[in-house]
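The shown structure was predicted, so the numbers you read here are calculated from the model rather than taken from an experiment. Here is the naming used below: chain letters follow the sequence lines, and residue numbers restart at 1 for every chain.
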Amino acid sequence: MSALLEVTSISVSFDGFKAINNLSFEIGGQELRAIIGPNGAGKTTFMDIVTGKTRPDEGRVRFGEPQLDLLRLSESQIARAGVGRKFQRPTVFEAQSVRDNLTMALSNDRLPFAVLRYKPSKEDDGRVSALAEEIGLSGELDRTAGELSHGQKQWLEIGMLLAQDPKLLLVDEPAAGMTLGEREHTTDLLRRAAETRAVVVVEHDMEFVRRLDCKVTVLHEGSVLAEGTLDHVTANSDVIDVYLGR
Amino acid sequence: MLRIIFLLLAALLAFAPAHAQDADLNTLLETHRAKIEKPSRTTIGPVLDALVASQLPGVAVFLEKWREKELWQRKSDGRFFLVEKADGGKLMLIDVGTGEQAGLADKADLDNLKPNSGVRGVIAGALVQFQLSDPDPERRLQALTALERDPDASHLGILRAAIDSEPDPAIKARKERLQRLLTIQFGSDQANRVAAIESFAGDPGVDARAALNPLLATSIKVFDTAPEGVNVARLLTPGSDIEPDIAYQLLVDAGKARPIVPLADRKQALIDNIENGLVAGIPVAELVTQSARDRAYLALAGNGTVPPLVTKEEQRQALADHVFAEVYAEPDPVLTTAARETLASISGTVGFYQFVDLALDGLSLASIYFLAAIGLAITFGVMGVINMAHGEFIMIGAYTGYVVQQFIPNYTVSIIVALPLAFAVAFLAGVALERLVIRYLAHRPLETLLATFGVSIALQQVAKNIFGTQARPLTSPSWLDGAWVLNDVVSISYIRIAIFVLALAFLGLLLFVLNKTRLGLEVRAVTQNPRMASSMGINPDRINMLTFGLGSGIAGIAGVAIGLFAKVTSELGSGYIVQSFMTVVVGGVGNIWGTLAGAGMIGSLQKLIEFFNPSNTLAAQTYMIIFIIIFIQFRPKGIIALKGRAAGD
Amino acid sequence: MKFTTKLRIAGAAALFTSTILAHSAYAADDTIKVGVLHSLSGTMAISETTLKDTVLMLIEQQNAKGGVLGKKLEAVVVDPASDWPLFAEKARELLTVDKVDVMFGCWTSVSRKSVLPVIEELNGLLFYPVQYEGEESSKNVFYTGAAPNQQAIPATDYFLEELGVEKFALLGTDYVYPRTTNKILEQYLKDKGIAAEDIFVNYTPFGHSDWSKIVADVVALGADGKKVGVISTINGDANIGFYKELAAAGISADDIPVVAFSVGEEELSGLDTTNLVGHLAAWNYFQSADVPVNAEFIKEWKAFAGEKRVTNDPMEATYIGFNMWVQAVEAAGTTDVDKVTEAVVGQKVPNLTGTMAEMLPNHHLTKPVLIGEIQADGQFDIVSQTEPVPGDAWTDFLPESKVLESDWITLKCGMYNTDTKTCVQLNSNY
Amino acid sequence: MQRSLFARQPSVLVFIGLLALFTIVIIILSEGFGLGIVSTSFIKILGKTLCLCLIAIAMDLVWGYCGILSLGHFAFFGLGGYMIGMWLMYERTKDIVIASLSGGELPATPEEITEAIGTQIFGVVGGAEIPVVWYFADSLFAQLLLVVLVPGLLALVFGWLAFRSRVTGVYLSILTQAMTLALSLYLFQNDSGLRGNNGLSGLQNIPGLTEVPQSVVSVWFFLASAFALGLGYLVAAWVVSGKFGNVIRAIRDDEARIRFMGYPVEAYKLVVFTLTAVIAAIAGALYYPQAGIINPAEIAPIASIYLAVWVAIGGRGRLYGAVIGAALVSLLSSWFTGGQAPSIPLGFYTIDWVDWWQVLLGLGFVLVTLFAPKGIGGLFDRLVRKDAAS
C-alpha cells in the first residue's frame, strides 16, 4: 500500500528561525496518527504546510492516488482534494444555524455559480441528519451555532469535517477545554472517523493520546524525533529529555 | 548710431561729471508731460534719451524716484514733484530740478505716478550709466540687475569701463561675468566672442544659456540647389526630418509650388457652382459623401471653372526638386560651432543638476508626506485603528498656528510657540477622540473608520463655522523666506528645508521614544500582544490613549508645517488623508522605518513621473496611484513588513 | 409579517407625504422672490459665500429703498454644496417650488452648465457673476463677469506690449475655464507671431500644493534668452502654495511677471504678499479703484459683512447684475421672465470703476479691463485701465467660434452661424 | 426542505409591496400624471434616492454580507452614469447638428456631421476631435451593454488583483479608495476624453423625446428606478438567502475557516464584488439622467465613504437596512441644503442649519456606530421581535 500523504524533507524558516527542519512524514489510507511535541516543535507549521497555508522553502508534499503535488495547490483546492483541517479554537459560523453549518460543509460542488444554483436535495438533508446524529446534535439542528456549548461546537466542527468527506483529517488539539465525558465522545468520533480515512491528531495531552491508542510521531525542533506506539516513544530517552527539559 | 552717443555719454560721465546747464529739468519734463503721465514701454524710450542727453543734475534722482513710484504730479498745473511727509497729513513738495522745498500740498491735489513694471525696467536701463560706478554698492547692484534683465549693445562699453574701478570683489566678479555675456551677444571681435563663449563651458547658469541659445536660432529655408553662402545647421530630408506636408507648404510660401486647394475652399467652389440643383451635372442631393464631392470637383476642374487639384505625384516631384535646410541666423560658423559645443557641455552639467534638484524636490515631498503620515502610522500600527479624522488633526494644528499669529505678531516667536501648542491642542483632541469614541470600538476597525469619518466631517464644518471659508494666512518668519540656491538649476526653499529637518527630528524623537523609553517599551508590548502586556501590569487603555494622543499631536505639528508652505483652510487635511493612508500601507504597518520608506518612495516617484510628463501633474498623480495598486500586489504587507507568524491574519 | 410594523411604515410614509404637500402649497404673492444659488458648503464655499452675502446686502438695501414695483424682495437661499448635480436640482426647486423670479448664482462653469438645461426648460432667469471662458450664450442667462476678450486678451496684450514678454508659461488648474482660455490664448499668441515652442502649458489638479517642480520649470524657460511671463489661470486656494513657492524662489515680478485671472483681493487675504509685490492680476474691478461709488460700496460692505472683509470683481459683477435686473423689472413693470430679459438688454448702470456698464444683445456686458500690480498690503495698484470693452460670447480667435454670433434681440439666437446664416441651436450648449 | 425565496426572506414581499404602493401613490400625485401635488423636482429627488437605495443594497451585499468594506463602489456608479451619458449626449448633439446642417447649401457628409458633433461636444472644453472612447456612443444598445461591461470588467480586474494577493480588511478599503481616487483623477484630466471636470451635462434631455416635458420624463425615470430597486432587492435577497449567502457570510465571519473547507474564497469575493459593481453601475445609469450632469467629482472617494455610512446607519447585513439608511440620509441632506430648515435663534447666536447640518450629520454617524452598531435596521428588528414576543 502506498502512503496517502507523503511529506519528503521539507524545511521552512521564519526570520532565520527554522520552524521545520528537513521533516519527512508518511501516513497510510486508513490510519489514526497522533503527533506530539513541545511548544515550537513545528506541529502547527507542519499542518499549515500540508493544508497550503504556508509554503515550505524546500521539500515535497504528495497526496492521494493519483499523486497530487500539494505545494502547487491553493488552500481551497487542497481541501477539495480531500484534506480536512480542524483548528485549535473551535471555529464554526456562530451566526448561522447548525444545519447551515453542516450543509455548507457537505462535499458538493464548491464553485460560486454552482453554489448559487444549489437547492438542498433529499439526499443532502439525509446526510445532514445522519451527521447530526453522529455528533449528537440532532436536536440542535435549527439552533444558531453561537448558542452551542464549547464541546458541542467542537463536535459540530468535527461533524463539518466529516461532512466534507476528506481522505485525510488533520485535527489540532481537539480535547482542549473539554470535560471528561466530552473527551470520551470526541475520542470515539475520531476513532470511528479513522476507520474510513486517515486522521492525524496534534495533541499536548498525553492522556488523550493514550486513549486514542495509535501510532505516535514526536516532533522536536522541526524534525521527527521518534515514532512508534506511545509506550515506545515515551521510553525513548531523547523524548524524555525534550519533555522534561535538559 | 545710438551706441556711439551712449559711448560718448559714458566718456563724458567718466571724465567730466555734472556739466552746468542752463536749461531747467522742469521745462524739459513739461515738453514730455503727456508721455510721462501715461508712460508705455514702447513710447518712453525717446523721453528717456532726451532726459539723459540733457545732462541735467536732477535727472538721476528723478529717474530713480519715478521708478520707485515716488513721483507726484500737481493736478492744477501738471508740474512734477517729489514729496516728503509733512505735519497735518500734508505733503511737502520738492522741486525735481533743484531739490528745494516748494510748499505744502494736500494729497487730494496730487496724483501719484505709478509707471508699470515694463516702464520701470526701461527706466532702470537708462539709470545704468548713472549707477554702474556709483559709490553706493546697492546702486551698483541695482544697475547690474537691470543690465542682466534687459541688456543692450550700448551697455557693453559702459560696463567694460566700469570693471577696473570696481572695489568690491563680488560685484567685480559679477560685472566680469556680465561683460562676457554681453560680449557673446554684442561683441564685435570674433576671437573675443569665441573666448567668451568657451568660458561658459559647463556653467549651469540660465543667463549663460540665454546668451548662447540665440546664437543657434535657426529657420528652415528652401533652396533650388545645395545651399551656399549661408551657415547651414543641417540638411533636411522630407519624410524623415520634416513632414512632407509642411515642406510642401514651405515651397508654396516661397512661390516655388502651386498651393493645395483646402477642403473648405473646395466645398465653397461646389456651392458657388450650383446650377438648378446640379453641380457639374451631379444632383446636389447626391453630394452626401466626400467621394461624391471630389467627383463633382474634378468634373468642375475638368471644365476649367475651378483650379485643378495638386496631385500626390506633383507634390513628390516638387519636394524632390528642392533642398531643405535649417539655417542659422548667425552667419559666422565659427561662433555657432563654439556655441554648440559649449552648450553641449553645459547640457551635461545641467542634466546632472536637474537630477539633483529633482532628488531634492522628491526628498522634500517625501518629508511632507512623512510628517503627515507618521502620526497615522503610529495609531494604525499600534492600535490597528484607521483614523479618518487624522487630516482634521493636521488642520487643527494649522489653525492653531494661525490663531497664535493673531496674538503674537513676531513670526519667529509665534512659530516657536505654535509648534508645541499645536502638538498640545491636537494631542488633547486625539485623547478626547480616543476616550469618547475609539475606545468603545476596539476590535471593530472598520467601524472605527466610519465613526472617525463622522468626526472628520463634523470637525471640518466646525472649522468653517469658526474661521470662515476663506484661506487664512500662516506666515513664516522672514529668516525662512527665500531659498537655498546652489545655482540656477538647483534650489530649494528654506521652508522645505525646515520641514525636512522637522521630519528628521521627529523620526529621531519617535525612534528614541519607542526604543529607549518605558512608554515605548509598553507600546511595543501592547502592539505585539495586548493580552500578555496587560497581564504584565501594563494598562493597555492608558497606552492606547497616549499613543493616540502622540499620533494626533504629531499631526498637529505637521499641520503647522504644511500651513507654512501651502494654505490654511478647513479642507487642508482632507487633501492629505488618502496620500497618508497610501504612505502607511505602501511602507508597511507598525513600523516607523516603513513609513519613511513609503513616504520616500511615493514622494520621489511622484516627482519622477512629473519629470517625464511635465505638462500634466494630474496624470502624474493618477499613474502614481495605479503604481501603488500594482505594488501592493507584490508586497501586500508593504515595503517593510512585520515578519513571522505574528504578522499573519 | 407583523401588522404593527406595516402600520409604522405606513405612518412614516404618510408623515413624509404630508410634509411635501405642506411644502409645495406655500407661495406668497406680496413679495418678489430672489433665488440665491451659491455653494455654502464644500470646496467652492470659499469663494461663493461672499457672493451670497453680497446679494443679501443688495436685497437689504433695495428693500430699504422701498423694494421693487412696490413689493419687498425676499431672498431664497439654497446650498448646492459644491455638488454639481445638486445645482440643477436646487435650480429646479427654486423655479418650480419656491417660484423665484430671478436667480443670482453659480461660480464654476460646470455648475452653470449643470443649471443651464433646467433654466432653459423652465424659462428661468440667472445672473452669472464670474469671469468665464465664453463660448456660450443662453437666452436665460446674463453674464456679468468677464468674457475672455475682457480679461485674458487685454492682459496678454499688456504682457506683449508693456512688458515685452516673448515666451509664455500658461499655468492652469485642469478644468474648462483654463483649458478654453489657454486654447484661445495659444491661438492668439500664434497669431501674434509667438512660436509654438515658446508657449509652455501646464495643468495641475484643484487644490494643488506642491509647486516646486513647476516653478523650477518656469525658471528654466528663460534658458533661450527670451523674456518669460506667466499667465495663470490657477484656481482658488492652489494659488496660495504657488505664490509662496514663487516668493521663496525669489522670482521677482521684474524677472518673470505673473498675471493671474483668478486671484483677487479675497485670495490674497490668505497669504503674506510682501514677496509678491509687482505681480499682476487682470480684472474688471479692483477694490483700490479710486472713485466715490466704489468707496460707498466698500463702506456698505464692511458695515454689512465685517471690517476685515475685502471686495472683489465677482462682487462688482453681482452688484451690476442686481442693479440691471432691478432697473429692467421697473422698466418692464413686471417680473415676467420674457419681458424682463428683453428689458435687461440695453440697460446701463454705473460700474464701480467710474464708467458705465451696458448689457449687450449677446447678454454680455461692456466692461473696462484693469490690470493691477500686487502691493504689500494685499491690494492692487491699478497700472492700466481700458475703456469699456464689449463682451464677446464667441471668441474671434478660434476658427470654429469665429463664425458664431449671439444676438437675442435681432437674430433671437445665441449660436448663429454667420457663414451658413442659420441658428445652430436655440438652447445653449451644455 | 425546499422553501421559496419569500418564505426564507419574508421581508422581501413586504418591501416589494411597499415599494409598489409608494411608487403608485407618488405617480398618481405627480405633476406628470396631472394631479401635480408632488412637484417634478421632488419626483426627481425621489427617483434619485431610489437609485441611491439600489447602490446601497449593492454596498450591503458586498460589505454587510461578504465583509468587504469597499470604498470604491461609487466609481462603478459613476462609470455607469458616464456610459449612458455618452449616448445621451452624443445623440442629443447629433440631432441638433443634423438639424443645423440641413440648412446648408450642400447636404452634409458623414465626416462633416462627426466633425460638427465633436466641435459641439468638445468645443466647450477646448477640443474638437471625438476621442476613441466614444466609438460606440451612437448606439444605445452598445452603450447599455457598456454600462454593465465597463464597470464589471474594472471590478473583475481590480478584484482579481486585490483578492488574489489576499489584501483584506482595512488594507482593502484603502486600496479601493485609491482605485476610486485614481479613476476620478484620471477623469478630471481633459485628456481622458470625457470632458474632464465639466463631465457630461444636459443628460436629462432624452434624445428623440425633446418634446416630452420633464414632468413626464421624471415620472418614467422614477418608475424605472423603482423597478430597478425592486428587482435589485429581489436579486440581492435571492443571492443572500440560499447556500451562497451562507458561504459569503461565512467568508465575512471567518475567511480562513471557509477556505479550509474547500471554498475558493477569492472566487466568491470576486463574484460578489463584480455583481455589486454591476448593480451599482445600473443604479448610476438610472441616476445621472435624472441628475442631469455627471462629472469626476461624483466619483471622489468621499462619495463612497458616505455610501458606507448610509449602510452603517441603516444597518448592515439587512437589505432593507441599506435602503432605510440611503433614503434617510440623502433626503435629510436634500432638506437641509434646500434652505427650508428654519434657523434657530439663540439670542447670542443664530443656528443656521446651512452651517451646522454637516456637523450634525457627522456626529450622527459617530452616535450610530457607538450606540446602534446594527443601525436603524437593528432597532427595527428589535421592535419586530418584541411584537412577535408579545
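- Checked by atom type and distance alone, the side chain of Q96(A) pairs as donor or acceptor with a backbone atom of N246(D) at under 3.5 Å.
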### Task
Take K243(D) and N108(A) through the side-chain contact (heavy atoms from CB on, under 4.5 Å) test and state the conclusion after the steps.
CA-CA 11 Å; K243(D) 187 171 170 187; N108(A) 291 316; 3.8 Å; yes
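- For L270(D), no part lies under 4.5 angstrom from a heavy atom of chain A.
- For the atom pair D254(D) CG and E94(A) CD, the distance stands at 9.5 Å (nearest 0.5 Å).
- Side chain of R80(A) to main chain of M261(D): no donor-acceptor pair is present (N/O by atom type, distance under 3.5 Å, no hydrogens or angles).
- Side-chain contact between R259(D) and K53(A) is absent, with no heavy atoms from C-beta onward closer than 4.5 Å.
- Under a cut-off of 6.0 angstrom, the local environment of CZ in R72(A) is sparse, with at most 12 non-hydrogen atoms contributed by other residues, nucleotides or ligands.
- For S74(A), no part lies under 4.5 angstrom from a heavy atom of chain D.
- Of the atoms belonging to I78(A), not a single heavy atom falls under 4.5 Å from chain D.
- Contacts between Q164(A) and chain D at a heavy-atom distance below 4.5 Å involve the side chain alone, from C-beta outward.
- Enclosure of atom CD in E147(A) by more than 12 non-hydrogen atoms of other residues, nucleotides or ligands within 6.0 angstrom is indicated.
- The candidate from G262(D), A267(D), G242(D) with the greatest count of non-hydrogen atom pairs under 4.5 Å with chain A is G262(D).
- For Q77(A), no part lies near chain D; criterion is any non-hydrogen pair under 4.5 Å.
- In this structure, CZ in R257(D) is found 8.5 Å from NZ in K86(A), a value given to the nearest 0.5 Å.
- R85(A) places no side-chain N or O within 3.5 Å of a backbone atom of F260(D) that could act as its donor or acceptor partner.
- Y263(D) contributes a side-chain N or O that, together with a main-chain N or O of M104(A), makes up a donor-acceptor pair within less than 3.5 Å.
- Nearest heavy atoms, L116(A) versus F244(D): CD1-CG, 3.4 Å.
- Closest approach of S76(A) to P264(D), counting heavy atoms only: OG-CA, 3.5 Å.
- With a 4.5 Å cut-off on non-hydrogen atoms, V247(D) touches chain A through its backbone and its side chain both.
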